[in-house]
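Quick note: numbers below take in every heavy atom, side chains included, and nothing from hydrogens, waters or symmetry partners. Numbers restart at 1 for each chain; the letters A, B, ... are given by sequence-line order, proteins then strands.
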Amino acid sequence: MTHLVWFRNDLRTADNAALIAACKTASQPDSAGGVRACFILTPAQWQEHDWSPARVHFVIAHANALAAELAKLGIPLSFIYAQRFSDSLTALEHHCRQHDVCQIHFNEEYGVNERRRDKALKHRFDKLGLATRKYRDQTVAPVGDILTGQGQPYSVFTPFSRRWRSWVEEALPAPHPVPPPRHADIKPERITDISEGFKEAPPALVETGEDAAHAQLERFLSEDGSAYKEQRDFPAFNATSLLSPYLANGVLSGRQCLSAARQALAMGGAPEGLQTWINEIAWRDFYIHTLYHYPRVSMHRAYKPETEALQWNDPKDHFEAWKTGNTGIPLVDAAMRQLNQTGWMHNRLRMVTAMFLTKNLFIDWRLGEAYFMSKLVDGFLASNNGGWQWSASTGTDAAPYFRVFNPVTQSERFDPKGEFIREWVPELAKLDNKRIHDPSKGGVIPGGYPRPIVDLKESRKEAIAKFQALKN
DNA sequence: TGGCGTTTAGC
DNA sequence: CTAAACGCC
């Protein structure tokens, strides 16, 4: 009898609830057996979920790395090819028959299609007499466990984070260990080809492998922690952890990050910086919890239903200019070009560009959300959707509709010397530190660089008026 | 995880 | 006169 671990959004051997549970169960006398693993490639489903080529390359590389790590532990990982989630269940059933599987273990995912798939799987396997075991492993605090005094999910981050922190203090969540090696000589399988439509990807942003992820975590935490709090909002400083690709694809868990950060705190690391970063881990949990409690946000629906009535502008040329980084607003263009060329964008700039699209251009946040997914190596439904709905003022703890970032002011504040703009918009490189934030204001605009496609002041007023009108 | 027009303290 | 501080959007 074999225990099968189905890896999906958890491409790691360390701190993996499903893996450790399968290994433990398999070594108990009453249900002893072997442990196998599988990963199902569903390129058509990835396409439908707007996965980026960068993310597909990352996932394939880390699926291969996982197969190699598991082989060292004596666990064979099979790659199964399907197109969509619906096909994957048939393939999985076939795989289970072939390998005499009695139990399948996996960690939960919370997108609506993933949930439907897992529900269908349980239904199907129940009929076959195969056991399905699922684990709440994606968050630090299990989804459903962080509720208000009234037993309701939180809709505002700050009270959520207070409850989350006290939960952490009480539960002291510790990462699961890597399971002990089982004795078997295994040659790992390997995926060598990338599916059509995902071939063209930017160069890898971070190194491949679980070890590389942990090395980067250690490096980040060993740096001067106070710099994170002071510098993280300045895109030119590269002061962020750059762990998001690993987190988004489960190479690293939030629990591992939190545990390492708490250890750094105990060793006397700069408390403000580390606490600020722990807050980001809480944000990640908050958005996953929100996705769990409100499946509609993964069905192209707004968290705040009343905002569904907004009449967004026809995207047309403005959307194209935004996507390609030709809006005439230097910081927005620099950010979009960074995204297009690297598959990653600095967090502050995600807010600035999202706010510009949804408030100044008044284009539907869903279009921006999908475009980000189609480019980001760290595209993660819960965080990406949460961030977009925050920016668009349609989400949980949303930015008040009248709080509209002025991208030029943000530029002056967070890229004061224009270093980030100069890197990504080279045609503006020669402008001085004042003019570079808004070249259209006085003087000659360097050749080829567009004039702003929208009036910031006017469009801001119009957006506020449209939100105001919702209340009547 | 603001912006902006207005008021007001302080020089 | 200028730059915080204020209050509304």
Side-chain angles (χ1 to χ4, degrees), chain A residues 154-162 164-165 226-241 244 272-287 289-290 303-304 306-307 310 329-332 335 344-362 365 368-369 372 378 380 382-416 420 437-438 441 452 454-472:
Chain A
Y154 285 94
S155 59
V156 177
F157 173 72
T158 307
F160 172 90
S161 71
R162 272 196 284 271
W164 183 86
R165 277 177 188 268
S226 58
Y228 179 74
K229 186 177 167 65
E230 307 302 328
Q231 301 180 2
R232 70 192 195 104
D233 272 324
F234 295 80
F237 284 178
N238 296 320
T240 60
S241 72
S244 56
E272 318 82 20
L274 289 165
Q275 292 294 358
T276 305
W277 191 59
I278 288 174
N279 223 39
E280 297 301 311
I281 302 172
W283 269 107
R284 175 185 156 80
D285 260 30
F286 176 59
Y287 282 141
H289 282 241
T290 299
Y303 174 81
K304 286 189 173 161
E306 68 272 22
T307 63
L310 289 166
I329 307 294
L331 188 64
V332 170
W344 185 83
M345 192 196 287
H346 189 281
N347 182 54
R348 168 137 308 258
L349 301 181
R350 295 189 196 200
M351 295 188 281
V352 170
T353 54
M355 196 77 90
F356 180 75
L357 184 77
T358 56
K359 300 294 172 61
N360 296 107
L361 300 181
F362 212 71
W365 57 270
E369 181 197 5
F372 267 32
D378 61 11
F380 182 63
S383 308
N384 191 50
N385 180 275
W388 271 94
Q389 294 220 47
W390 180 86
S391 299
S393 306
T394 66
T396 48
D397 196 19
Y401 66 88
F402 48 82
R403 185 183 293 165
V404 178
F405 286 14
N406 180 322
V408 174
T409 308
Q410 292 280 313
S411 184
E412 289 163 348
R413 189 180 303 170
F414 297 113
D415 190 26
F420 182 79
H437 305 290
D438 186 7
K441 213 170 85 182
V454 66
D455 183 272
L456 295 177
K457 207 169 158 182
E458 262 318 295
S459 54
R460 172 181 182 276
K461 257 171 69 180
E462 287 171 23
I464 289 172
K466 284 173 185 161
F467 272 92
Q468 180 71 40
L470 280 183
K471 299 204 294 188
N472 306 328

Starting at [atom1] of [X] and ending at [atom2] of [N], how long is that distance when rounded to a whole Å?
{"X": "A/L331", "N": "B/dG2", "atom1": "CG", "atom2": "P", "answer": "14 Å"}
{"X": "A/K471", "N": "C/dC9", "atom1": "NZ", "atom2": "P", "answer": "8 Å"}
{"X": "A/M351", "N": "B/dG2", "atom1": "CE", "atom2": "C1'", "answer": "11 Å"}
{"X": "A/M355", "N": "C/dC9", "atom1": "CE", "atom2": "C1'", "answer": "14 Å"}
{"X": "A/H346", "N": "B/dT1", "atom1": "NE2", "atom2": "C1'", "answer": "12 Å"}
{"X": "A/K359", "N": "B/dG3", "atom1": "NZ", "atom2": "P", "answer": "12 Å"}
{"X": "A/F286", "N": "B/dT1", "atom1": "CZ", "atom2": "P", "answer": "13 Å"}
{"X": "A/E458", "N": "C/dC9", "atom1": "CD", "atom2": "C1'", "answer": "14 Å"}

For [X] and [N], is the shortest distance between a side-chain N/O and OP1 or OP2 below 4.0 Å?
{"X": "A/R403", "N": "C/dC8", "answer": "no"}
{"X": "A/R413", "N": "B/dT1", "answer": "no"}
{"X": "A/Q410", "N": "B/dT1", "answer": "no"}

Ignoring hydrogens and angles, tell me if any N or O in the side chain of [X] forms a donor-acceptor pair with the backbone of [Y] under 3.5 Å.
{"X": "A/S383", "Y": "A/F380", "answer": "no"}
{"X": "A/K359", "Y": "A/S391", "answer": "yes"}
{"X": "A/H346", "Y": "A/N238", "answer": "no"}
{"X": "A/D415", "Y": "A/F420", "answer": "yes"}
{"X": "A/W390", "Y": "A/D397", "answer": "yes"}

>> Using 30° and 60° as the class boundaries, would you call the ring planes of A/Y287 and A/W283 parallel, tilted or perpendicular?
In response: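 The arrangement is tilted - the two ring planes meet at 30° to 60°.
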
>> Tell me whether the rings of A/F160 and A/Y154 are parallel (<30°), tilted (30 to 60°) or perpendicular (>60°).
In response: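 If you compare the ring of A/F160 with that of A/Y154, the planes turn out perpendicular.
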
> Under 3.5 Å, is there a donor-acceptor pair between the A/E369 and A/N384 side chains?
Replying inline: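 No pair is found: no donor N or O on one side chain lies under 3.5 Å from an acceptor on the other.
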
>> Within this structure, what is the CZ-CZ distance for the pair A/R460 and A/F402, rounded to the nearest 0.5 Å?
In response: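 CZ of A/F402 is found 10.0 Å from CZ of A/R460.
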
At a cut-off of 3.5 Å, list every protein nitrogen or oxygen paired with a nitrogen or oxygen from nucleotides 4-6 of chain B, distance to 0.1 Å.
residue: B/dC4; atom: OP1; partner: A/N406; partner atom: ND2; Å: 3.4

>> Looking only at the side chain of A/E280 (C-beta and beyond, no hydrogens), which of the listed nucleotides B/dG3, B/dT1, B/dG2 gets closest?
In response: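 It is B/dT1.
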
> Which of residues 385-395 of chain A sit near DNA chain B, with a heavy atom under 4.0 Å from it?
Replying inline: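 Under 4.0 Å from DNA chain B: A/W390.
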
